[in-house]
Structures are given as structure tokens and as C-alpha cells.
Amino acid sequence: MLINHVVLFCLLCLGCGEAERKPPNAKPVLPVSGLVHVDGVPKAGVRIIFHAKVQDPANATRSVATTDAEGRFKAWTYQIDDGVPPGDYTLTFNDQSEAKPHLRDNPDLLNGKYSDPVKSDFKLTVPESGDPVDMGTIELTR
């Protein structure tokens, strides 16, 4: 009898995976990835924010990404690497590669050059459906 309860408990736990972490009103997302170079070199620790051109106040989302050691990123909205909802976006970049976890305001090593969505030239349109979006290499300078 105890074994039956343990098996039932394990099966219930399997049903509580990644899909359960999305809110009930979650928008569909499409994977978005790319590579960031700073001064021609792949850069780790660059934080990317996808600013929606039109945001639904009743169901607002925030999509972000951070580059890995090879400068690669995969955007996420609800769970790691899931993607970005369809729509038009402006991207901003903030180099936090030397960020200290205990500091509230870590310096942007790009000196704010790419942090203003109003001034950013980096745009992205995520389609309603289709193949994942590969943004290719994004070149930034200090």
C-alpha cells in the first residue's frame, strides 16, 4: 500500500513540470536567439530587454535574455529560453559582465549607450508563428 502511494506521489510530481509555471493567460511565444559582440568580440553578461511597441496593460509581459560565455543568448518570457510573444520590439543592451550580486546599481560597461529604448536602432518583429527567430550577430561598441 505504501508503495502505491509513493508511485502516485511521483506521478503527480511529474505533472508539476515547466508547463505548470506559465500563468493561465500566457501568450504564445516563439524562440528568439542570437549572438552579441562588443568591439568585435563575443561578450558574456550582456543583458537584453525586449521592449514591446504595444503592451496590453491587462496582460503585460517582459522578455529578456543574458548572453553566455560565448556571447550567445536565448530570450525568455515565462520560463528560461521559451521565447518572446509575437509583436514588434525595440531592444536595449546593458553590459553587466562585471556585476556584483550584492550591489543594487551595477555599472553598465557600455556606459548607457544602448540602454534607452527611445534611441535604440535595434528592432525585432516576432511573427505569430513559424520557425524560431535567429537574430544573427548583433554588433555593439563601447
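All values below come from the heavy atoms of this structure, side chains included, with hydrogens, waters and symmetry mates left out. Keep in mind it's a predicted model, so treat the numbers as computed, not measured.
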message = Can you tell me if N25 has over 12 outside heavy atoms packed within less than 6.0 Å of its CG?
response = yes
Residues S115 and P117: closest non-hydrogen pair is O-CD, 3.4 Å
Heavy atoms of A52 and Q55 approach each other most closely as CB-NE2, 4.0 Å
Item checked: Test item: R62 and I49 side chains (from C-beta on) under 4.5 Å apart, heavy atoms -> yes
Rounding to 0.5 Å, atoms CD (Q96) and CG (L110) come to a distance of 9.5 Å
- Does D39 CG have over 12 foreign heavy atoms under 6.0 Å away? yes
Looking only at heavy atoms, the pair that brings A75 and A65 closest together is CA-CB, 3.8 Å
What one should report as the nearest heavy-atom pair of P28 and P86 is O-CD, 3.2 Å
query = Within the side chain of T66, is there an N or O that forms a donor-acceptor pair under 3.5 Å with the backbone of G45?
reply = no
Any non-hydrogen side-chain atom of P132 less than 4.5 Å from a side-chain atom of S33? no
- Item | Residue pair L140 / K43, side-chain heavy-atom distance below 4.5 Å | no
One should read off an interatomic distance between D56 CG and T61 OG1, to the nearest 0.5 angstrom, of 9.0 Å
Derivation and outcome, side-chain contact (heavy atoms from CB on, under 4.5 Å), residues F73 and D68 = CA-CA 6 Å; F73 69 88; D68 64 14; over 6 Å; no
Interatomic distance, OG1@T90 vs NE2@H51, rounded to 0.5 Å, equals 7.5 Å
#### Entry: I48 reachable from L124 in the ILVMFWY side-chain graph, under 4.5 Å edges
yes
(request) Check step by step if salt bridge (charged side-chain N to carboxylate O under 4.0 Å, His left out) holds for R142 and D95. (result) CA-CA 10 Å; R142 288 198 192 276; D95 183 350; 3.3 Å; yes
Is the backbone of V29 close enough, under 3.5 Å, to the side chain of D82 for a donor and an acceptor to pair up by distance?
-> no
Of all heavy-atom pairs linking A69 and A44, the shortest is CA-CB, 3.7 Å
Item to complete: Measure from the side-chain N and O atoms of S120 to the backbone N and O of T92, and report whether any donor-acceptor pair falls under 3.5 Å.
Response: no
Joint cluster assignment, L30 & L91, ILVMFWY side-chain distance < 4.5 Å: yes
Checklist entry - Any link between M135 and F93 through a network of hydrophobic side chains (Ile, Leu, Val, Met, Phe, Trp, Tyr) touching at under 4.5 Å? => result yes
Would you say V133 and V36 are hydrophobically clustered, going by side-chain heavy atoms of ILVMFWY under 4.5 Å?
-> yes
Taking every heavy atom of D81 against every heavy atom of K74, the minimum-distance pair comes out as OD1-CB, 3.3 Å
| Under 3.5 Å donor-acceptor, T77 side chain and G83 backbone | yes
Taking C-beta and beyond as the side chain, do Y78 and K27 meet within less than 4.5 Å on heavy atoms?
yes
Exercise. Anything under 30° is parallel, anything over 60° is perpendicular, the rest tilted; go ahead and classify F50 against Y89.
Key: perpendicular
Any side-chain to backbone donor/acceptor pair from Y114 onto T141? Under 3.5 Å, distance only. yes
